[in-house]
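What follows is a set of notes on a single structure, which appears directly below.
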Amino acid sequence: MKKLVSILLSVSMLVSVFTSFGITADASAYADQLKAKGFTAGYISALEELHKKYPNWKFEPLVTGLKWSDVIAGERTPHSQQVIEKSSDISSAFYCKCADCYKNGSYVIREGSNWVSAGESAVKYYMDPRNWLSEKYIFQFESTKYTDTQTKTGVEAILDGTWMHKSLITYKNTAGATKQYSSTVKYSDAIMAAAKNSGMSAYYLASKIRQENGGSSPTATAVCGTKAPFQGIYNYYNIGANAGASDGLAWAAGYMKVEKDAKLYPAYNTTTKKVTGTPTTIKAGQYMTYRNSCGDYYYVRLYIQRAPNSYIEGDSGYVLKSACRTTYFNYDRPWTNPYKAIIGGANRIADMFGQQYTGYLQKFNVNPKSDELYNHEYMTNVQGAAQESVTTYNAYKNSGILSGSRTFYIPVFTDMPATKCPKPSNPVITPGRVTGLKLSSRTTTSLTLKWDRVTGAKGYYLYRYYSDTKTYKKVRTISGGSNTSTTVSGLTPGSSRRYAVAAYATKVGAKSARLSVATSPSKVTFSSLTALSSGRLKAGWKKVSGYATGYQIYWSRNKSFTGVVAKTKITSKSTLSYTGKGFNKGVRYYVKVRAYKVIDGKTFYGAWSGYRSVVAK
């Protein structure tokens with residue numbers, strides 16, 4: 001019996017030894033595979049751990065042959081040393097060889113570039129691939145190349161939580177009407193078609209769209225379709241958004257302009273196919289947004305650019321096609337519906353980043369096969385690739401597709417430090433320029449402002465602009481990068497303010513475009529409405545408290561004011577009565593008044609008074 005037990009124990013121990021040896025051998029074999037591919041020692045253990053947890057993931061080295069010291073020096077070259085020619089098309093701008101500065105078919109330096117201000121220690125830390133070999137950060141190395149193993153179901157999983165999830169494509173056209181692209185085509189269908197057509201990964205495109213413009217509703221500037229003067233224009237990837245989403249819409253609209261003095265006609269007869277009405281002259285160089293095509297004419301909306309990411313809308317009308325520049329109508333621009341924007345945008349990204357087929361390479365262009373080594377980079381934020389990796393990881397994890405088959409291309413450099421580059425104790429990070437600053441709501445005593453979140457921001461500064469001194473003064477600190485709104489209270493009715501917002505981290509980013517706003521003027525109190533002879537009606541009201549530019553009067557034949565017969569604007573706050581003429585005898589008229597305030601050409605109205613009515617004599 002003792003002999004039998006001894007034999008069994010011996011066999012058990014032997015099996016245990018061989019099992020342990022098998023596991024060690026398998027691990028050793030995988031490590032040898034990684035080394036044989038070209039990974040150096042600093043990469044092996046982290047990749048082994050990922051392989052154990054995600055056996056469907058495939059890791060490929062991008063053996064650059066580049067020296068680590070040369071890479072750091074190349075990536076830290078300021079944009080100011082990359083200028084190649086001054087722009088003749090954009091005032092006070094210079095062409096630059098980086099894709100983040102892309103505009104008008106070339107590359108333009110923009111104010112507040114984050115990359116130039118990044119310290120060397122921060123560059124080394126974010127560039128060292130060995131720092132990012134974890135399941136959250138590995139996705140900056142994921143291939144952006146097309147694969148037919150990706151599915152519509154997977155795309156829908158990535159879009160889950162956004163308005164695009166399992167939704168048909170609906171949008172606002174250039175006339176402001178709500179349209180449906182097709183009774184069967186969903187956003188996921190458009191992304192799958194864009195992937196196959198462009199050679200890009202469907203999951204990458206879906207993740208990029210989600211990162212740039214995802215949300216529970218399509219309210220972001222680039223996808224709402226209502227942002228003046230680019231109504232009906234879409235840019236799901238925010239291509240060309242140099243200083244903000246409105247710049248991206250200008251790009252998506254194709255930078256259309258007249259190349260010589262031309263006539264703008266107010267109307268077009270679809271039967272005779274001729275323009276009608278008295279035209280106005282528009283000067284060569286006038287920019288405009290495409291609205292429609294009518295025979296030999298384009299229906300357009302004029303605009304001017306006031307500042308980076310700030311545009312002023314002009315008149316609409318019809319202009320001869322032959323007078324217009326349409327050089328930038330490539331990639332199926334103008335993108336007048338989401339489908340065109342998703343398809344055309346994918347093609348543009350594919351052409352821009354053929355040799356930059358990971359998020360890391362789009363941030364740090366270290367592929368030796370690229371014609372623009374260390375240049376032509378998609379984002380200025382030194383943390384950008386790492387931060388977007390986390391967004392992608394969360395989307396995959398929440399969608400249940402994290403463990404699927406994927407390929408990661410991870411750069412390997414020569415003469416790298418023996419250990420991973422440490423995180424700087426105080427990395428110098430300058431966040432990007434704040435965009436999307438707008439008035440969210442207002443009362444007679446408060447203003448609520450909102451803006452787009454800036455990647456890497458620790459918080460925001462609110463500045464007030466003073467016209468008399470032409471200076472900004474910081475008036476508030478908003479802590480937390482996700483806190484993108486603030487309410488200023490205790491204001492006087494009808495008081496005007498000019499604000500800007502800047503993000504901060506270790507340094508302060510560029511200020512947003514200036515926003516001119518005003519609190520609501522006080523509600524007007526009616527004092528009298530009298531019918532005078534000869535069809536005259538005299539309205540009187542009390543002077544409002546606070547500030548106001550003047551008053552507006554509506555005259556109607558019904559108390560719901562659906563049939564307004566006249567509108568009168570009073571241009572002085574001190575004028576407290578007005579006598580209207582030409583009213584029909586025996587007809588009852590209803591009248592109401594409100595105060596208004598004008599600031600920088602914008603009109604802000606107060607609440608309407610109660611109405612009064614009287615029968616004309």
- Backbone N or O of Ser246 within a donor-acceptor pair of the Asn309 side chain at under 3.5 Å? yes

- Message: For Arg557, give me all partners under side chain to side chain contact (heavy atoms under 4.5 Å, CB included), at least two apart in sequence or on another chain.
- Response: Val565, Asn584, Val587, Tyr589

- Task: Verify, without hydrogens or angle tests, whether Asp351 (side chain) and Arg348 (backbone) share a donor-acceptor contact under 3.5 angstrom.
- Result: no

- Are Ile233 and Thr336 close enough, and set up right, to give a side chain to side chain contact (heavy atoms under 4.5 Å, CB included), and what steps lead you there? CA-CA 5 Å; Ile233 301 296; Thr336 51; 4.0 Å; yes

- Spell out, as yes or no, whether a donor-acceptor pair under 3.5 Å connects the side chain of Thr162 to the backbone of Gly215. no

- Centroid-to-centroid, Tyr339 to Tyr187, below 6.0 Å? no

- Query: Do the numbers put Arg333 on top of the ring of Trp251, so that NZ or CZ is under 6.0 Å from the six-membered ring centre and no more than 45° off the axis?
  - Reply: yes

- Task: Check whether more than 12 heavy atoms from other residues, nucleotides or ligands sit under 6.0 Å from atom NZ of Lys321, and answer yes or no.
- Result: yes

- Side-chain donor or acceptor of Tyr237 paired with backbone N/O of Ile342 under 3.5 Å: yes

- Query: Can you tell me if Glu156 uses its side chain to pair, donor with acceptor, with the backbone of His165 under 3.5 Å?
  - Reply: no

- Query: Is Arg291 reaching over with its side chain to a backbone N or O of Thr174, donor-acceptor style, under 3.5 angstrom?
  - Reply: yes

- Message: Can you confirm if the NZ or CZ of Lys573 lies within 45° of the ring axis of Tyr551 and under 6.0 Å from the centre of its six-membered ring?
- Response: no

- Message: Under a 3.5 Å threshold, yes or no: a donor from one side chain and an acceptor from the other, between Thr276 and Asn269?
- Response: no

- Item | Partners meeting ring pair (Phe, Tyr, Trp, His ring centres under 6.0 Å) with Tyr547 (sequence neighbours left out) | none

- Query: Do other residues, nucleotides or ligands put more than 12 heavy atoms under 6.0 Å from Lys145 NZ?
  - Reply: yes

- Does Tyr268 have any ring pair (Phe, Tyr, Trp, His ring centres under 6.0 Å) partners at least two apart in sequence or in another chain, and if so, which? Tyr318

- Looking only at heavy atoms, the pair that brings Lys260 and Ser322 closest together is CE-O, 4.5 Å

- With side chains defined as the heavy atoms from C-beta onward, is the minimum distance between Thr326 and Tyr290 less than 4.5 Å? no

- Message: Run the side chain to side chain donor-acceptor pair (under 3.5 Å) test on Gln356 and Thr144 for me, step by step, so that the C-alpha distance in whole Å, both residues' side-chain angles and the decisive distance to 0.1 Å come before the verdict.
- Response: CA-CA 9 Å; Gln356 293 167 258; Thr144 61; over 6 Å; no

- Message: Is it the case that the ring center of Phe230 lies less than 6.0 angstrom away from the ring center of Tyr303?
- Response: yes

- Check the surroundings of atom NZ in Lys152: do more than 12 heavy atoms from other residues, nucleotides or ligands lie under 6.0 Å from it? yes

- Distance col, row Tyr328:OH vs Asn330:CG, nearest 0.5 angstrom, shows 9.0 Å

- Would you call Lys208 and Glu388 a salt bridge, using N to O less than 4.0 angstrom? yes

- Message: To the closest 0.5 Å, what do you measure between OG (Ser201) and OH (Tyr357)?
- Response: 14.5 Å

- Query: Does the Asn238 side chain pair with the main chain of Ala241, one donor and one acceptor, at a distance under 3.5 Å?
  - Reply: no

- Item | Spacing of CG belonging to Asn365 relative to CD belonging to Glu372, to within rounding of 0.5 Å | 7.5 Å

- Task: Taking all non-hydrogen atoms of both residues into account, name the closest pair between Lys186 and Asp189 and its distance.
- Result: N-OD2, 2.8 Å

- Report the distance from atom CD1 of Ile191 to atom OG of Ser207, rounding to the nearest 0.5 Å. 9.0 Å

- Residue from Asn337, Thr226, Thr178 passing side-chain hydrogen bond (donor to acceptor under 3.5 Å, both in side chains) with Lys172: Thr178

- Task: For residues Ile169 and Ala190, report the shortest heavy-atom separation together with the two atoms involved.
- Result: CD1-CB, 4.0 Å

- Query: Do other residues, nucleotides or ligands put more than 12 heavy atoms under 6.0 Å from the NZ atom of Lys340?
  - Reply: yes

- Message: Tell me whether Glu313 contacts the main-chain N or O of Ala228 through its side chain, where contact means a donor paired with an acceptor under 3.5 Å.
- Response: no

- Task: Locate the shortest heavy-atom distance separating Thr519 from Gly494; write the atom from each residue and the value.
- Result: OG1-N, 2.8 Å

- Partners meeting ring pair (Phe, Tyr, Trp, His ring centres under 6.0 Å) with Tyr472 (sequence neighbours left out): Tyr465

- Would you sort out whether Asn347 and Asn197 count as a side chain to side chain contact (heavy atoms under 4.5 Å, CB included), showing the intermediate values? CA-CA 7 Å; Asn347 288 331; Asn197 190 54; 3.1 Å; yes

- Task: Could you tell me whether the side chain of Thr289 and the main chain of Pro229 form a donor-acceptor pair under 3.5 Å?
- Result: yes

- Spatial distance of atom OG (Ser310) from atom CG (Leu515) [nearest 0.5 Å]: 9.5 Å

- With Asp261 via salt bridge (Lys or Arg N to Asp or Glu O under 4.0 Å) - residues at least two apart: Lys283

- Query: Ile553 and Lys592: side chain to side chain contact (heavy atoms under 4.5 Å, CB included), yes or no, with the steps?
  - Reply: CA-CA 6 Å; Ile553 312 171; Lys592 62 181 180 179; over 6 Å; no

- Check against side chain to side chain donor-acceptor pair (under 3.5 Å), Trp555 and Thr568: CA-CA 8 Å; Trp555 315 77; Thr568 304; 3.0 Å; yes

- Can any side-chain N or O of Ser167 pair as donor or acceptor with the backbone N or O of Trp163 at less than 3.5 Å? yes

- Task: Any side-chain hydrogen bond (donor to acceptor under 3.5 Å, both in side chains) involving residues 593-608? Give me the pairs, sequence neighbours left out, ordered by first then second residue.
- Result: Arg498-Asp600, Ser516-Asp600, Gln552-Arg594

- Message: Tell me the closest heavy-atom pair linking Val155 and Ala202, and the distance in Å.
- Response: CG2-CB, 4.0 Å

- Message: So for atom NZ, which belongs to Lys569, do other residues, nucleotides or ligands contribute more than 12 heavy atoms lying within a distance under 6.0 Å?
- Response: yes

